[in-house]
There are 2 protein chains.
Amino acid sequence: MPETIPPPFLEERRQAILGRIQMTGRVAVAELSAMFGVSEVTIRADLQALAEQNLLVRTHGGAVPAVNGINEMALFLRRERQVIEKSRIGTTAAGFVADGDALYLDSSSTSLAIAHHLRPRRHVTVVTNSLEVTRVLYDAAGVELVMLGGALQRTTASLVGGYGLANLEAFNLEKGFFGAHGISLEAGLTDVSTDEAAVKRPLAARCRQVFAVLDATKWGRIGVASFAALSQITTVITDTAAPAHLVAAVKALEIDVILV
Amino acid sequence: MPETIPPPFLEERRQAILGRIQMTGRVAVAELSAMFGVSEVTIRADLQALAEQNLLVRTHGGAVPAVNGINEMALFLRRERQVIEKSRIGTTAAGFVADGDALYLDSSSTSLAIAHHLRPRRHVTVVTNSLEVTRVLYDAAGVELVMLGGALQRTTASLVGGYGLANLEAFNLEKGFFGAHGISLEAGLTDVSTDEAAVKRPLAARCRQVFAVLDATKWGRIGVASFAALSQITTVITDTAAPAHLVAAVKALEIDVILV
DNA sequence: GTGATAAAATGAAAGAAATCGAAAGTAAAC
DNA sequence: GTTTACTTTCGATTTCTTTCATTTTATCAC
């Protein structure tokens with residue numbers, strides 16, 4: 001199946017090798033040799049050069065992705081990727097973002113999915129405390145990115161603690177997207193981490209429109225820390241498996257509920 | 001299919017090269033030479049000039065776009081690594097850090113080298129505005145990491161703008177390590193970026209001990225923005241090629257100068 | 001486990017293409 | 001007429017790739 005169209009430049013070829021190894025999880029020397037129409041020796045030189053940069057790990061007949069301890073962060077992020085791109089909730093939420101908007105993305109996996117969809121956008125300002133969101137948008141030229149400061153919470157790759165919130169008033173945020181551990185009539189939006197909640201609480205208060213993005217399993221659950229009352233929410237984006245009676249109760253409060 | 005109509009002016013030609021590389025994902029020297037009716041040497045000069053502006057990446061027979069990878073950031077960071085681990089200045093500087101210290105690392109490459117050496121440490125608190133430092137220390141369990149917030153400056157992978165500095169008083173920082181574009185008797189420590197300098201200035205003022213870490217080429221140079229006077233500096237760590245007369249002048253101010 | 005065997009890796013040498021440096025040529029601007 | 005900016009020509013050099021002989025590694029039968 002390998003195509004035989006040869007990208008002649010060395011850089012291109014190596015880039016393509018990296019792409020393929022990420023995609024398929026492994027590459028073979030013979031396969032690449034046929035694919036690019038160069039000798040196996042050349043491919044070996046490529047693999048060696050890439051291995052020296054820790055971009056992959058050599059094996060006998062080929063190479064596998066770099067699974068190095070040095071780069072825990074990248075690993076952590078990569079693992080999520082498949083999930084991210086599949087998220088329908090994220091896709092829908094991204095549809096609410098207009099060019100020119102200033103918005104907040106929290107450190108949930110749905111925010112990450114939204115971030116992926118924002119990469120091709122122009123003139124969007126994103127405020128976040130998530131390192132993953134930052135990484136996804138790092139090379140998105142049309143996105144201005146502002147990180148809230150704070151102490152690194154390694155389990156969520158986010159920055160927490162009030163350090164970054166001092167002059168939140170400097171930002172006028174149109175829309176905020178919040179994942180949550182639970183949504184309930186009693187406690188509103190809740191999180192399991194008090195630190196995370198402490199960041200989200202003032203942000204939820206500050207965003208003109210508050211979007212709650214959560215899958216069906218979150219309905220009726222309550223985490224230890226509330227960060228927004230239902231009355232603060234503008235729109236809930238969830239999936240069709242959400243419990244009908246809870247959805248109805250929320251709609252009764254004049255909150256938009258979008259089922260995808 | 002390459003047209004042979006020659007846009008006569010240099011700027012036009014370079015603009016056209018950029019346009020084409022964005023469109024097709026790659027350009028070849030021979031192809032461009034034929035297209036514009038100029039020699040290949042001229043095209044190479046064009047490509048080199050554009051590459052120096054980071055508008056494209058040179059390859060052997062041509063060039064490819066500057067930002068084509070999905071993960072430009074990870075690539076960018078890893079590229080540096082070889083250089084980093086070799087830095088003797090970084091190694092020496094890291095020797096000044098004791099367990100229990102709270103310190104600031106800026107977004108210079110020397111700071112990155114220091115960060116590498118801090119990975120095995122216990123009970124060290126690092127405050128930084130550098131995404132690269134954060135990434136290096138992400139999985140360093142013994143290091144508590146605090147990021148200053150701000151707007152992402154992509155060229156340096158750092159966060160700038162005052163957002164993160166509002167409650168700097170909350171931190172008691174023992175040591176600060178500052179790279180610089182230049183060190184001089186007149187202007188002290190200077191940077192080429194006013195944004196970067198605006199972050200460093202209050203931090204230099206706040207750190208009990210200020211370490212300037214810079215190689216010999218920085219002596220006598222002056223960047224547009226000063227961020228610390230010589231009188232604020234505790235220790236300078238540089239290499240043995242530093243100009244002797246400048247080193248002597250700095251020592252006369254009762255500043256430690258360490259040559260490695 | 002041991003050894004045979006096929007596949008893969010390595011090193012050296014050679015060839016081709018691309019690049020670089022320096023001197024020289026060209027053309028417009030002052 | 002001179003300056004300046006740009007381009008070209010022409011060797012010398014570097015980079016990239018291949019071939020081929022040799023060594024190493026993985027695998028399987030025993």
Side-chain angles (χ1 to χ4, degrees), chain A residues 1-22 24-68, chain B residues 1-21 24-66 68-69 75 78-83:
Chain A
M1 218 90 5
E3 315 97 48
T4 331
I5 310 115
F9 300 148
L10 179 142
E11 274 305 325
E12 282 182 290
R13 195 179 55 231
R14 292 186 179 172
Q15 209 62 44
I17 290 172
L18 279 182
R20 194 175 167 79
I21 206 171
Q22 297 289 357
T24 64
R26 59 180 303 242
V27 290
V29 171
E31 163 200 65
L32 294 172
S33 169
M35 191 165 161
F36 296 120
V38 298
S39 78
E40 300 197 344
V41 177
T42 299
I43 296 297
R44 285 187 196 108
D46 291 341
L47 294 182
Q48 184 173 343
L50 294 170
E52 277 168 10
Q53 296 180 276
N54 289 311
L55 297 170
L56 50 76
V57 171
R58 284 273 1 226
T59 64
H60 211 61
V64 293
V67 199
N68 47 36
Chain B
M1 79 190 76
E3 316 95 49
T4 331
I5 310 114
F9 299 141
L10 178 142
E11 270 312 319
E12 281 182 284
R13 193 179 55 234
R14 293 188 177 171
Q15 215 60 46
I17 290 173
L18 279 181
R20 191 174 169 83
I21 205 170
T24 64
R26 59 178 308 238
V27 290
V29 172
E31 161 200 75
L32 294 173
S33 168
M35 190 165 162
F36 296 120
V38 298
S39 77
E40 299 197 342
V41 178
T42 300
I43 296 296
R44 283 186 200 108
D46 292 341
L47 294 182
Q48 184 173 342
L50 294 170
E52 277 167 11
Q53 297 178 267
N54 291 315
L55 297 170
L56 49 76
V57 171
R58 283 273 4 225
T59 66
H60 215 61
V64 292
N68 56 350
L75 216 65
R78 255 179 286 209
R79 280 271 156 77
E80 296 271 6
R81 242 202 19 223
Q82 277 78 348
V83 183

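Computed from a predicted model, the values in this text were never measured in an experiment. Chain A is the first sequence line, chain B the second, and so forth, proteins listed ahead of strands; every chain is numbered from 1.
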Whole angstroms only, please: what is the [atom1]-[atom2] distance between [X] and [N]?
X       : N      : atom1 : atom2 : value
A/Leu32 : C/dA8  : CG    : P     : 12 Å
B/Arg44 : D/dC10 : CZ    : C1'   : 13 Å
B/Leu47 : C/dC20 : CG    : C1'   : 14 Å
A/Ile43 : C/dA7  : CD1   : C1'   : 17 Å
A/Asp46 : C/dA8  : CG    : P     : 17 Å
A/Leu10 : D/dT18 : CG    : P     : 11 Å
B/Glu31 : C/dA17 : CD    : C1'   : 17 Å
A/Arg14 : D/dT15 : CZ    : P     : 13 Å

Closest to side chain of [X], choosing from [options]:
X       : options                : answer
A/Val41 : D/dC16, D/dC20, D/dC10 : D/dC20
B/Gln48 : D/dC16, C/dC20, D/dT9  : C/dC20
A/Arg13 : D/dT17, C/dT10, D/dT8  : D/dT17

Minimum heavy-atom distance between B/Ser33 and B/Ser39, given as atom pair plus value: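 Minimum heavy-atom separation between B/Ser33 and B/Ser39: OG-C, 3.8 Å.
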Might you point out which heavy atoms bring A/Phe9 and B/Gly61 nearest each other, and give the distance in Å?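 Reported closest heavy-atom pair: CE2-C, 3.5 Å.
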OP1, OP2 of D/dT18 versus side-chain N and O of A/Thr42: anything below 4.0 Å?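 For D/dT18, OP1 or OP2 has a side-chain N or O of A/Thr42 closer than 4.0 Å.
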Checking all strands, does A/Ser33 fall into the base, sugar-phosphate, or nothing category for heavy-atom contacts under 4.0 angstrom?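 Counting heavy atoms under 4.0 Å across all strands, no contact is made by A/Ser33.
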Determine which pairs satisfy salt bridge (charged side-chain N to carboxylate O under 4.0 Å, His left out) with at least one residue from residues 34-44 of chain A, sequence neighbours left out, and list them in order.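 Those involving residues 34-44 of chain A are A/Glu40-A/Arg44.
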Out of the candidates B/Leu32, B/Leu47, B/Leu50, B/Leu56, only one should pair with B/Ile21 under the side-chain contact (heavy atoms from CB on, under 4.5 Å) rule; please name it.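 Answer to the side-chain contact (heavy atoms from CB on, under 4.5 Å) test with B/Ile21 among B/Leu32, B/Leu47, B/Leu50, B/Leu56: B/Leu56.
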